[in-house]
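Right, one structure below, let's go through it.
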Amino acid sequence: MDPRPVHRHYRVLLLVLTFSTGIIDGICYLALDQVFTANMTGNVLILGMGLAGGQDVPTAGPLVALVAYVAGAGIAGYAFRNHPAGWHRTTTGLFAGVGVGVLAASVVAYVVGEPRGWRLLVVVAVLGVSMGVQAATARHLSVKDLTTTVVTSTLTGLAADYFQDSHGREAWVRRVSAVLALGAGAATGALVLRAGLEVALVVPGIIALGAALVGERYRRQDAGAARAARPVPSSGS
């Protein structure tokens, strides 16, 4: 069980963002020359094969995505340099920034037209920065198994801990939910892409903005509850 009960109502939001990430990477892989903007493991593999001369394997897109992702994660890390783990106003701002970034990528895709050459790289860069910010922000929340961008470690823990019986049903549900959310998001991305790249990207952008707003509401409720629980100092006679 998560030792921090305050995180419980953020888990659903992180699952929603995991679903949104699946949409984005599904769209990117199908429409942006097999590039991922959230799954950096996939990009490293694609880049390695491309640099080795693999036939029809892209290199520019994965490289731009990697650099942009690291830059986004660095931005979030700098923003959190003086904050303890948890949801803060900065968290809300960064998740909202992710939504704005994805919507900006939608606008860029609409303006530049068919995503080829430098046009493709511009869209990839904007999405890469956004996903880097999201991943680092989710990491700062410190909710186990919910990184919003990858599920490799989640699957590892799901299988390994099953035989060790070291975690309860809650952890099992959390991990399975993360895997299903990412997969469902990828399927959704393939479906919404039929409406066009610029339209498809609006969906995860709105989801990220919604998650930020709901998270801010929870943060204020937690802050109010914490203030109400503080003992009132007695006044001296």
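Index from 1, following the sequence.
- By the 4.5 Å heavy-atom criterion applied to side chains, Leu180 and Phe19 are not counted as neighbours.
- For the atom pair CD1 (Ile24) and CG (Leu127), the distance works out to 6.0 Å, reported to the nearest 0.5 Å.
- Hydrophobic clustering (side-chain heavy atoms under 4.5 Å, transitive across Ile, Leu, Val, Met, Phe, Trp, Tyr) keeps Val108 apart from Tyr110.
- For the pair Gln221/His9, no side-chain contact is recorded, criterion being any heavy-atom separation below 4.5 Å from C-beta on.
- Gln34 approaches Pro58 most closely through the heavy-atom pair OE1-CD, 4.5 Å.
- Pairing each heavy atom of Thr18 with each of Ala178, the nearest pair is CG2-O, 3.6 Å.
- Residues Ala38 and Asp25 approach most closely at N-OD1, 3.2 Å, considering heavy atoms.
- Under a 4.5 Å side-chain heavy-atom criterion applied to ILVMFWY residues, the cluster that includes Val100 comprises Leu103, Val202, Ile206, Leu209 as well.
- Considering only heavy atoms from C-beta on, Leu47 comes within 4.5 Å of Leu66 through its side chain.
- In the model, Thr148 has a side-chain atom that pairs as donor or acceptor with a side-chain atom of Gln134 under 3.5 Å.
- If you take CD1 on Ile75 and OG on Ser130, they are separated by 9.0 Å, rounding to the nearest 0.5 Å.
- For the side-chain contact (heavy atoms from CB on, under 4.5 Å) with Asp33, the qualifying choice from Ile46, Leu120, Leu121 is Leu120, the only one to do so.
- The closest donor-acceptor contact from the side chain of His140 to the backbone of Pro84 lies under 3.5 Å.
- Using modelled atom types, no side-chain atom of Ser20 and backbone atom of Val16 make a donor-acceptor pair closer than 3.5 Å.
- Annotation: side chain of Thr137 is not in contact with side chain of Val98 (no heavy-atom distance under 4.5 Å).
- In the hydrophobic clustering of this structure, Val44 groups with Tyr69; members are Ile, Leu, Val, Met, Phe, Trp, Tyr whose side-chain heavy atoms approach within less than 4.5 Å, directly or through other members.
- The minimum heavy-atom distance between Val124 and Gly61, with the atom names listed, is CG1-O, 3.8 Å.
- Listed for the Asn39 side chain is a donor-acceptor partner under 3.5 Å among the backbone atoms of Thr41.
- Separating the OG1 atom in Thr91 from the OH atom in Tyr10 is a distance of 8.0 Å, to the nearest 0.5 Å.
- Residues Met49 and Val35 share a hydrophobic cluster, clusters being chains of Ile/Leu/Val/Met/Phe/Trp/Tyr side chains in contact below 4.5 Å.
- With sequence neighbours excluded, the residues forming a ring-ring contact (aromatic ring centres under 6.0 Å, His included) with Phe95 are Trp87, listed by chain and number.
- At a threshold of 4.5 Å between non-hydrogen side-chain atoms, the residues Met131 and Thr21 count as touching.
- Other residues, nucleotides and ligands place no more than 12 heavy atoms under 6.0 Å from the OH atom of Tyr218.
- Counting heavy atoms from C-beta outward, Val122 and Val112 have side chains that stay 4.5 Å or more apart.
- Proximity of Val129 to Thr37: side-chain heavy atoms (C-beta onward) are nowhere separated by under 4.5 Å.
- Of the possible polar contacts, none joining the Arg220 side chain to the Arg217 backbone as a donor-acceptor pair under 3.5 Å is found.
- For the atom pair Arg219 CZ and His88 NE2, the distance stands at 9.5 Å (nearest 0.5 Å).
- Heavy-atom minimum distance, Val133 versus Gly72: CG2-O, 3.2 Å.
- Looking at every heavy atom in both residues, Asn43 comes nearest to Ala65 through ND2-CB, 3.4 Å.
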**Message:** Set out, in order, the CA-CA distance, both residues' side-chain angles and the distance that settles side chain to side chain contact (heavy atoms under 4.5 Å, CB included) for Val192 and Val199, then state yes or no.
**Reply:** CA-CA 8 Å; Val192 297; Val199 176; over 6 Å; no

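- Val123 and Trp118 fall within a single hydrophobic cluster, where Ile, Leu, Val, Met, Phe, Trp and Tyr side chains are chained together by heavy-atom contacts under 4.5 Å.
- One finds the OG1 atom of Thr92 at 8.5 Å from the CG atom of Leu213 (value rounded to the nearest 0.5 Å).
- Contact annotation: the side chain of Leu63 never approaches that of Thr59 to less than 4.5 Å [non-hydrogen atoms, C-beta and beyond].
- When the side chains of ILVMFWY residues are joined at heavy-atom separations under 4.5 Å, either directly or via intervening members, Val70 and Val64 end up in two distinct hydrophobic clusters.
- Here CG of Leu197 is found 5.5 Å from CG of Leu32. Values are rounded to the nearest 0.5 Å.
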